[in-house]
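First the structure, in the form of structure tokens, and then the observations on it.
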Amino acid sequence: MDRNTSFVVVLVHCYLSLATLFCMFAFARGNPNVLCREVEREALLRFKQGLIDRSNRLSSWIGEECCMWRGIGCDNITAHVIQLNLRNDPYADSFTTFEAFKSSKLGGVISDSLLELKHLHYLDLSGNNFTDAHIPRFFGGLQNLRYLNLSDAGFVGTIPHQLTNLSNLHSLDIGYLFVQVDNLEWLSHLSLLEFLDLSYVNLSKASNWLQVMNMLPSLSELHLSSCELNKYDPILYVNFSSLTMLDLSSNNFVYSTFNWMNSLTSLVTLDLSYNLIQIPLTVVHNMSCLRNLYLSRNNFSSTALNLFYNITTLERLDLASNNIRGVLPRALGSLSRLTHLDLSDNHLEGKIPRFLGNFSNLQLLDLYGNNLGGGTLPDELGKYQKLSVLSLYGNMLSGPIPMSIGNLSSLRTLDFYFNHLNGTIPT
Ligand SMILES: *[C@@H]1O[C@H](CO)[C@@H](O)[C@H](O)[C@H]1NC(C)=O
Ligand SMILES: *[C@@H]1O[C@H](CO)[C@@H](O)[C@H](O)[C@H]1NC(C)=O
Ligand SMILES: *[C@@H]1O[C@H](CO)[C@@H](O)[C@H](O)[C@H]1NC(C)=O
Ligand SMILES: *[C@@H]1O[C@H](CO)[C@@H](O)[C@H](O)[C@H]1NC(C)=O
Ligand SMILES: *[C@@H]1O[C@H](CO)[C@@H](O)[C@H](O)[C@H]1NC(C)=O
Ligand SMILES: *[C@@H]1O[C@H](CO)[C@@H](O)[C@H](O)[C@H]1NC(C)=O
Ligand SMILES: *[C@@H]1O[C@H](CO)[C@@H](O)[C@H](O)[C@H]1NC(C)=O
Ligand SMILES: *[C@@H]1O[C@H](CO)[C@@H](O)[C@H](O)[C@H]1NC(C)=O
Ligand SMILES: *[C@@H]1O[C@H](CO)[C@@H](O)[C@H](O)[C@H]1NC(C)=O
Ligand SMILES: *[C@@H]1O[C@H](CO)[C@@H](O)[C@H](O)[C@H]1NC(C)=O
Ligand SMILES: *[C@@H]1O[C@H](CO)[C@@H](O)[C@H](O)[C@H]1NC(C)=O
Ligand SMILES: *[C@@H]1O[C@H](CO)[C@@H](O)[C@H](O)[C@H]1NC(C)=O
């Protein structure tokens, strides 16, 4: 269920509180000085019995010292099992083939013997294959959990309300599952949540999703991509003002004032791509920390572009596949911190402007699929010492390729296909 974006950007957000949490568990992993507790070892073995483990990932789960087993972390003083990390991660585990990744997915039945792990803080079952199973209701009994990751683990059905008991959760990731909710009331009790990912969860029956999220004052990352959110109860104001990342992509928003976003003054990343938004997005002017703005595949017109030129904090601006016409406004030149500019698949005309030379940090410039032309390419293109991707294909550019291009020592992708360029290729 990979999301197909025209502009693949990998963002690493490191938040102090989450980072601390991860560090804590890193310390806990496999400490040879503590002895596993018998009752917890047996609980883990019963859990293992229910699993289908085709690639023998749990082969280390033998012997007395369960704190040394793969994926288990124990408290280094009390020896209680506090971490169970069975994530199947195609990136981290450096699988050589997709087949290898698939066959290392765990499946089967999740035993409620996990309830014996009364001190469990961290449970990660993401990337596995519990296909056709529901998210177990008994997870609600794992009341010490701070981190629960079931992303892409194959679960189906309705998310159990019992999760409401997990009031210590800081991170909840149940994205990329074929699950739905009948209502979201259970979520409002998880008041310590900082990270929430419900991407691909069908929330169409929870038109009060915004009211519910509003009960989560500590939220810093909220991912609600492809949740069928477009019909929602209006709200004037939200109080999760420490939000830094908001992803509402692929939700078929057509017309929305988004006025409630006025209070999101800490926002660093806003993703509204793959919607049908047409109206100017004035709320961005209150976001004084905004660095990443993803708006591809909407219906923004040139007016939208004029709205963004004074957000000088911007580093990544993606307006690919919209309805932007005419020449690139000069004022855009004030976005001097831009590293990624994607205006591909619009209706831009005229020359590639020289002011682009102001973007000395530019790493990606994608203008493919426009009507740019009107003479030769500017020499200024040679100024981008950091440029890695330059895509100008499918325009009406003519004349020679500037020699300065030869100075772009970081360049990895250069695409001039389908233009009217002539002359020689610079050495
Ligand atoms: C236990 O882990 C903590 C960090 O979580 C560390 O500060 C402490 O030194 C460790 N104690 C032992 C005995 O390893
Ligand atoms: C997932 O599990 C189902 C049955 O439980 C099986 O049919 C399917 O092949 C498995 N898929 C993968 C990728 O392991
Ligand atoms: C959950 O696991 C997936 C990988 O399976 C990872 O991409 C995602 O970032 C994790 N979520 C959290 C909150 O750490
Ligand atoms: C949730 O908590 C309530 C009250 O604290 C308790 O009665 C109930 O059994 C708990 N549910 C689960 C699934 O543990
Ligand atoms: C989402 O749920 C609604 C209401 O249950 C349903 O009508 C709709 O078809 C669902 N969407 C998808 C993609 O399954
Ligand atoms: C957030 O606002 C809602 C009403 O909009 C309110 O019910 C809730 O108590 C507020 N939460 C905090 C922590 O202020
Ligand atoms: C910014 O937010 C304030 C309230 O916090 C509001 O009065 C103002 O209209 C907002 N400005 C824009 C451009 O949305
Ligand atoms: C996009 O906006 C234009 C007007 O600016 C409108 O004519 C067109 O129908 C819109 N397209 C979609 C798909 O909504
Ligand atoms: C940017 O311009 C808009 C009007 O287009 C204005 O409301 C806003 O205050 C300006 N922001 C900054 C930071 O200058
Ligand atoms: C380019 O940057 C300079 C300052 O570095 C600024 O004076 C100039 O106005 C900018 N050009 C445009 C078109 O914004
Ligand atoms: C390439 O860069 C060097 C300095 O690094 C400069 O002297 C030279 O003029 C540049 N060449 C072109 C064609 O821009
Ligand atoms: C390149 O094309 C231009 C017209 O677009 C023409 O004037 C010029 O002579 C051509 N140069 C070469 C080397 O073919």
Side-chain angles (χ1 to χ4, degrees), residues 6 43 110-121 123 133-146 148 150 155 157-169 172 174 181 185-192 230 249-257 272-282 295-307 319-326 343 345-352 369-379 392 395-403 405 416 418-427:
S6 59
I110 298 174
S111 163
D112 64 3
S113 66
L114 288 185
L115 288 173
E116 295 292 340
L117 308 176
K118 295 203 187 324
H119 298 265
L120 199 63
H121 283 178
L123 178 58
H134 289 228
I135 297 174
R137 290 182 185 169
F138 75 79
F139 277 4
L142 299 168
Q143 295 191 9
N144 279 312
L145 278 188
R146 296 189 206 164
L148 177 59
L150 305 176
F155 294 106
T158 302
I159 300 177
H161 296 179
Q162 284 79 358
L163 295 188
T164 199
N165 279 14
L166 301 180
S167 54
N168 289 308
L169 274 185
L172 177 60
I174 35 185
V181 299
E185 210 274 328
W186 57 273
L187 188 62
S188 61
H189 297 269
L190 309 184
S191 59
L192 299 180
N230 51 336
S249 58
S250 304
N251 278 297
N252 289 325
F253 285 118
V254 178
Y255 172 83
S256 235
T257 60
L272 288 168
S273 51
Y274 288 80
N275 283 294
L276 298 161
I277 307 169
Q278 196 172 320
I279 55 141
L281 203 62
T282 47
L295 301 171
S296 63
R297 303 234 170 210
N298 278 284
N299 197 9
F300 286 111
S301 64
S302 313
T303 331
L305 203 55
N306 287 323
L307 210 62
L319 275 160
S321 304
N322 275 283
N323 195 12
I324 299 170
R325 295 173 185 277
L343 289 164
D345 190 22
N346 277 290
H347 310 281
L348 293 168
E349 292 162 14
K351 288 189 180 192
I352 298 210
N370 281 287
N371 301 317
L372 294 164
T376 56
L377 287 169
D379 253 349
L392 297 172
N395 278 288
M396 305 201 300
L397 302 165
S398 57
I401 298 173
M403 299 304 277
I405 295 271
F416 285 162
F418 222 82
N419 279 289
H420 308 292
L421 297 169
N422 64 7
T424 55
I425 295 172
T427 49

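Whatever order the structure lists them in is the order used to number ligands and atoms, beginning at 1.
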Review point. Which of these, Ser321, Ser250, Ser249, sits in a side-chain contact (heavy atoms from CB on, under 4.5 Å) with Arg297?
Key: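 That would be Ser321.
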
What is the closest protein heavy atom to [atom], and at what distance does it sit?
atom	value
atom 4 (C) of ligand 8	Gln278 NE2, 3.7 Å
atom 10 (C) of ligand 12	Asn422 ND2, 2.4 Å
atom 5 (O) of ligand 4	Asn165 ND2, 4.6 Å

Review point. Is the CD1 atom of Ile425 crowded by more than 12 outside heavy atoms at less than 6.0 Å?
Key: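 Open.
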
Any donor and acceptor pair, going by atom type alone, linking the side chain of [X] with main-chain N or O of [Y] inside 3.5 Å?
X	Y	result
Ser296	Ala320	no
Asn370	His347	yes
Asn144	His119	no

Review point. Between Asn299, Ile279, Thr303, Asn323, which one has a non-hydrogen atom sitting closest to atom 1 (C) of ligand 8?
Key: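 Comparing heavy atoms across Asn299, Ile279, Thr303, Asn323, the nearest one to atom 1 (C) of ligand 8 lies in Asn299.
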
Review point. Based purely on interatomic distance, does Ser398 place a nitrogen or oxygen under 3.5 Å from a nitrogen or oxygen of ligand 12?
Key: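 N/O-N/O distance below 3.5 Å does not exist for this pair.
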
Practice item. Take atom 7 (O) of ligand 4 and look for protein heavy atoms under 4.0 Å from it; say yes if you find one, no if not. Key: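 No; the ligand atom in question lacks any protein heavy-atom contact below 4.0 Å.
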
Check your understanding: Looking at atom 14 (O) of ligand 12, would you say a protein heavy atom lies below 4.0 Å from it?
Key -> yes

Exercise for review: In sequence, state the C-alpha distance, the side-chain angles, and the governing distance for Leu142 and Leu115, and then conclude on side chain to side chain contact (heavy atoms under 4.5 Å, CB included).
Suggested key: CA-CA 6 Å; Leu142 299 168; Leu115 288 173; 4.2 Å; yes

Check your understanding: Which ligand 4 atoms are under 4.0 Å away from a heavy-atom of Gln162?
Key ->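 Atoms satisfying the 4.0 Å criterion: 13 (C).
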
Review point. Near Gly141, which atoms of ligand 4 are under 4.0 Å from a heavy atom of that residue?
Key: 14 (O)

Check your understanding: Rounded to the nearest 0.5 Å, how far does CD1 of Ile159 lie from CH2 of Trp186?
Key -> 4.5 Å

